[in-house]
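So that the names make sense, note that chain A is the first sequence line, chain B the second, and so on, each numbered from 1.
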Number of protein chains: 2
Amino acid sequence: MEVVISIDIGGTSTKLAKVNRAFEVLGTAMLDTTAFTNESAFFLALFEEVKSLSESGCTSEKTVAIGIGAPCGIPKEGVILGAANLPFSERVEIVRRFEEEFNVPAFLTKDSYAAALGEGVSGAAQGMRNYVFITLGTGLGCGVVIDGHVLHGEHGQAGEIGHTITMKDGRECNCGQRGCLETYVSASGIRRTAFELIAEKNTPSSLRAIAFDDLSAKMIYRAAQAGDEVALEAFSRTAETLGEELAKVVTLLEPEAVFLAGGLAKAGALLTEPAQKKMNSQLLKSFRGNTRIMLSKLEVNEAALIGAASIAWRKLITISVCP
Amino acid sequence: MEVVISIDIGGTSTKLAKVNRAFEVLGTAMLDTTAFTNESAFFLALFEEVKSLSESGCTSEKTVAIGIGAPCGIPKEGVILGAANLPFSERVEIVRRFEEEFNVPAFLTKDSYAAALGEGVSGAAQGMRNYVFITLGTGLGCGVVIDGHVLHGEHGQAGEIGHTITMKDGRECNCGQRGCLETYVSASGIRRTAFELIAEKNTPSSLRAIAFDDLSAKMIYRAAQAGDEVALEAFSRTAETLGEELAKVVTLLEPEAVFLAGGLAKAGALLTEPAQKKMNSQLLKSFRGNTRIMLSKLEVNEAALIGAASIAWRKLITISVCP
């Protein structure tokens with residue numbers, strides 16, 4: 001049986017899966033990305049993991065391709081460019097490295113694109129051809145799927161709406177701009193919003209006892225569940241900012257749905273309901289009710305692994321059909 | 001020789017062209033849309049124009065299809081829905097009507113989608129696969145081309161960025177919302193901006209002598225060319241508002257270029273330069289310089305006629321390949 005190895009490279013951990021044509025996961029592995037200080041050591045260890053995952057299980061299994069999702073991955077060129085959170089040099093020719101090592105085709109995509117595709121294969125977007133997939137983690141990642149294919153853009157950067165400016169002269173972003181969407185709508189964004197609210201209001205809140213460095217989005221979520229007004233408002237403000245930007249995205253693309261994934265999306269209706277309401281209020285009447293804001297059904301890593309595998313399978317089919 | 005008849009239905013005039021496979025225009029015709037008070041009379045006259053255009057010229061020419069671009073055209077359904085500026089009922093089954101009358105396949109698209117495609121066939125977007133096409137007329141129309149195909153969206157409404165909200169509690173729009181982009185960036189938007197500036201400033205201006213009802217975008221352009229400060233600022237404000245919204249569009253889609261067409265776009269560099277500058281200032285560094293704001297090379301009607309013809313030719317090929 002033919003299988004592909006899919007890899008989701010992340011700043012904290014790198015995950016691997018062995019996936020068959022039916023998108024069943026036949027085995028998994030993991031690597032602690034933070035344990036490596038340079039690229040060579042990382043690839044040495046990653047190659048070992050690929051080999052042992054490839055050789056595990058049924059002897060009838062044959063690895064025919066490798067699919068990789070990575071931050072700052074440029075699909076067309078097969079390189080990772082300037083990934084600040086990885087122990088990599090500025091430019092890593094990852095596809096070439098894998099193809100030389102394993103002598104099978106390797107395919108690269110951006111982590112957010114892989115996750116978007118994975119949701120379509122095994123998640124809540126099954127059967128949909130047009131949707132937007134948003135990951136709310138430390139930052140805000142996005143993949144746009146149009147007619148079943150993820151949109152790359154001219155230089156493989158489409159979907160960077162985490163860095164769309166949502167507030168003039170707003171919060172400082174690591175990218176050098178101010179007011180980027182991800183400084184408001186992300187796990188780190190909601191922490192900033194909670195602190196802003198604490199400064200702004202006199203409302204009692206359990207969050208007043210916590211230092212910024214100790215505060216997590218999860219704590220804000222728990223406080224919100226316990227009825228903490230500051231925490232509840234932090235969620236509604238976050239969701240409304242998201243809803244405003246999504247109104248623009250939806251007016252441009254008219255997708256069937258927008259999916260929210262990642263740690264912060266676990267807050268569920270605390271985010272989706274006010275976001276949907278705000279979004280609808282800023283849409284033309286003929287758009288309202290057409291595009292739903294929904295929750296991803298998969299863990300982001302899981303979606304990215306399935307998505308990276310799906311790219312490998314699709315490309316293999318294209319190669320075999322058009323040699 | 002096989003030809004298609006393409007039709008661009010507009011609120012003021014309806015234009016027709018006979019187009020061959022090489023996208024050469026072999027003949028044209030025109031109808032005054034405002035001369036008709038009901039749908040039946042309009043179609044009767046339009047059918048006559050199609051017939052006489054079809055029968056004109058070489059006897060070896062055979063009309064094999066009809067391509068139609070129209071406001072509020074829903075491509076998937078072949079109907080025009082709620083076109084306020086046309087003497088039509090709420091729902092017009094235009095494709096069925098043409099197919100019954102002429103016994104050849106007819107294809108419908110939105111006027112803005114047709115113009116976007118036409119620019120790719122015969123205009124400044126030749127050779128580009130990914131671009132955004134914006135028409136600045138009374139309103140702001142838009143067509144998004146991705147991988148050579150115009151984006152329809154789930155209900156044929158993609159690209160409605162004329163009604164993206166650019167200013168909270170901003171100008172009243174005919175759509176019922178406030179602050180829509182087209183209330184700022186369009187021929188009518190720049191008139192409102194000029195009047196706002198006259199109210200705001202004490203700067204002398206030739207525009208102070210003109211009533212709102214008498215003022216046209218062309219007059220503002222001429223005043224700007226003559227160095228009128230109010231007129232110049234009206235253009236730079238308009239362009240900057242456009243640049244801000246385009247930064248969001250480009251961050252999402254990363255197209256190769258954005259084209260400006262329509263009456264207001266004749267202002268050329270008065271619009272493109274400040275728009276490009278503002279847009280670049282709100283883009284991630286890695287995006288800057290990648291997407292150019294350019295001027296359309298065609299008249300909007302011309303682009304729409306060529307685009308409607310291109311849809312007919314493409315669909316015919318699809319039909320003949322996959323019967």
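Under the 3.5 Å distance criterion, with hydrogens and angles disregarded, a donor-acceptor pair is assigned to the side chains of B/Asn130 and A/Glu154. Side-chain atoms of A/Ser296 and A/Glu119 form a donor-acceptor pair, as typed in the model, at a separation below 3.5 Å. When only modelled atom types and interatomic distance are considered, A/Glu39 and A/Ser89 share a side-chain donor-acceptor pair under 3.5 Å.
When each of A/Thr166, A/Thr193, A/Thr183 is paired with A/Arg171, the side chain to side chain donor-acceptor pair (under 3.5 Å) condition holds for A/Thr193 and for no other.
Under 4.0 Å is where a charged nitrogen must lie from a carboxylate oxygen, and between B/Glu273 and B/Arg292 no such pair does. Here A/Arg192 does not pair with A/Glu172 in a salt bridge; the nearest charged N to carboxylate O distance is not below 4.0 Å.
Between the CD atom of A/Gln157 and the OG1 atom of B/Thr291 there is a distance of 9.0 Å, given to the nearest 0.5 Å.
No part of A/Glu244 comes within reach of chain B, as not one of its non-hydrogen atoms sits under 4.5 angstrom from that chain. Both the backbone and the side chain of B/Leu252 come within less than 4.5 Å of a heavy atom of chain A. Interface remark: A/Ile165 contributes backbone and side-chain atoms alike to the contact with chain B (heavy atom separation under 4.5 Å). Contacts between A/Leu81 and chain B at a heavy-atom distance below 4.5 Å are absent for every atom of the residue. The contact between A/Leu284 and chain B is made by backbone and side chain atoms together, counting heavy-atom distances below 4.5 Å. At a 4.5 Å heavy-atom cutoff, the contact between B/Gln177 and chain A is made by side-chain atoms alone. Neither the backbone nor the side chain of A/His149 comes within less than 4.5 Å of any heavy atom of chain B.
Most heavy-atom pairs under 4.5 Å with chain A, from the set B/His155, B/Glu256, B/Lys168, B/Arg178: that is B/His155. When A/Glu245, A/His163, A/Lys248 are compared by the number of non-hydrogen pairs under 4.5 Å with chain B, A/Lys248 comes out ahead.
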